[in-house]
Amino acid sequence: MPVVEVNKLSKSYGDLRAVAEISFNVEEGEIFGMLGPNGAGKSTTVEIMEGVRQADSGLVRVAGLDPQKDRNSLRQIIGIQLQSSSLFPKLNVDEHLKAYGSFYTHTRKLDDVVDLVGLTERRRGRAGELSGGQQQRLAIALALINDPQIVFLDEPTTGLDPQARRRLWEIITELRNGGTTVILTTHYMEEAEALCDRLIVMDHGSIIESGTPSSLINKHFSESAIGFSLKDGALIDADAIQSSQYVTEIRNVGSTIEVFAANVPGAISDVLGLAGGGKETIEDIHVRKASLEDVFLKLTGRTIRD
Ligand code: ADP
């Protein structure tokens, strides 16, 4: 049984079609990712599911409820992550949780919520004195105070350092393992790849791909990426590399050149041959599997930050 059903959902702002007849389901107990560049229509879709925004047409059911008609009942069973900028700097962690808990008929035990987000030691800490990662975790704790069936997390790790980000990934995984359905929008492909059970990729208001991260990677890439950089002042003929029978694509990523190929030894041999044996020209040669970021770039023609 899907816990969220979206069927032919559309929404325009004036002449702008922000969401164009999209359909998808979210299954109970999964981490469902919504990816797409800025302006793709993710927030509009999420806000309609949350009952914050009204659809123009289409059917949306969240835990069997109509987000417009059953807004009050829906609010009791979903969790919406606030931006950490909407915390009250002078209130401490416990005070925040008690204040937000008072909006709900059913709440989770405070001890459990602070434990889940790893803030037990900081319960008396004022929001304004918490680190960025701790503030984000408090924002997530507030979304969990009503013990929701479904939690909406909007870019939960934006601006966090890698360690704080990984800490949040653990929390999100723990939530899912406890049976909560998580709907996550993110800009970070690595995050989507690590966390999401299934995802949709949106662009210009439409869904352009959907599936598990590994199914999307396998569908779009049988190739691996061979990366290398050029020694100072060295040049390499990109057209000649592209013309190798093994090379499907060549790409510049910062100071690294990436060559996509299914036959890795064949492509490396061609690249080294073109680089005059390689020693004078090439350094740091390495091979990696294709990632969700590669899929995104292939599908949308741009990186997610563009
Ligand atoms: P995303 O979350 O993927 O960045 P949004 O749903 O925020 O996408 O936006 C989709 C499109 O709708 C964008 O072109 C955006 O500028 C436009 N848009 C979003 N909200 C409004 C609004 N309240 N009024 C007018 N246009 C809007």
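It should be emphasised that the depicted structure is a prediction, and the values quoted were computed from it without experimental measurement. Whatever order the structure lists ligands and atoms in, that order sets their numbers, starting from 1.
Between Phe24 and Phe32, the two ring planes are parallel [angle under 30°; tilted spans 30° to 60°]. The aromatic rings of Tyr100 and Phe103 stand perpendicular to each other, their planes meeting at an angle above 60°, with 30° marking the opposite boundary.
When non-hydrogen atoms are compared, ligand 1 lies under 4.0 Å from neither the backbone nor the side chain of Val19.
At a 3.5 angstrom cut-off on N or O pairs, Gly41 counts as close to ligand 1.
Ligand 1 is never approached by Gly14 to a heavy-atom distance shorter than 4.0 Å. Judged by the shortest distance from any of its heavy atoms, Gly36 lies outside the 4.0 Å radius around the atoms of ligand 1.
Protein heavy atoms are absent from the 4.0 Å sphere centred on atom 16 (O) of ligand 1.
Side chains of Gln136 and Thr157: no donor on one and acceptor on the other come within 3.5 Å. Using modelled atom types, one finds no donor on one side chain facing an acceptor on the other under 3.5 Å when comparing Thr181 with Glu28. Between the side chains of Ser291 and Glu190, not a single donor N or O lies within less than 3.5 Å of an accepting N or O.
Classification of Lys219 and Glu209 as a salt-bridged pair holds, one side-chain N sitting under 4.0 Å from a carboxylate O.
Among protein heavy atoms, atom 7 (O) of ligand 1 sits closest to Ser43 CB, 3.6 Å. Nearest protein heavy-atom neighbour of atom 14 (O) of ligand 1: Leu16 CD2, 3.4 Å. Nearest to atom 27 (C) of ligand 1 among the protein's heavy atoms is Tyr13 CD1, 3.2 Å. At the top of the distance list for atom 10 (C) of ligand 1, counting protein heavy atoms only, stands Gly39 O, 3.4 Å. Nearest non-hydrogen protein atom to atom 6 (O) of ligand 1 is Thr44 OG1, 2.6 Å.
Taking every heavy atom of both residues into account, Pro156 and Ile172 meet most closely at CG-CD1, 4.1 Å.
Each of the following atoms of ligand 1 lies closer than 4.0 Å to a heavy atom of Ala18: 10 (C), 11 (C), 12 (O). Of all atoms in ligand 1, listed by their number and element, those nearer than 4.0 Å to a heavy atom of Pro37 are 3 (O). Atoms of ligand 1 lying under 4.0 Å from any heavy atom of Asn38, numbered from 1 in the order shown and given with element: 4 (O).
Screening Ile208, Leu35, Ile22 for a side chain to side chain contact (heavy atoms under 4.5 Å, CB included) involving Met202 leaves a single residue, Ile22.
Annotation: the span from Thr185 atom OG1 to Leu153 atom CG amounts to 8.0 Å, rounded to 0.5 Å.
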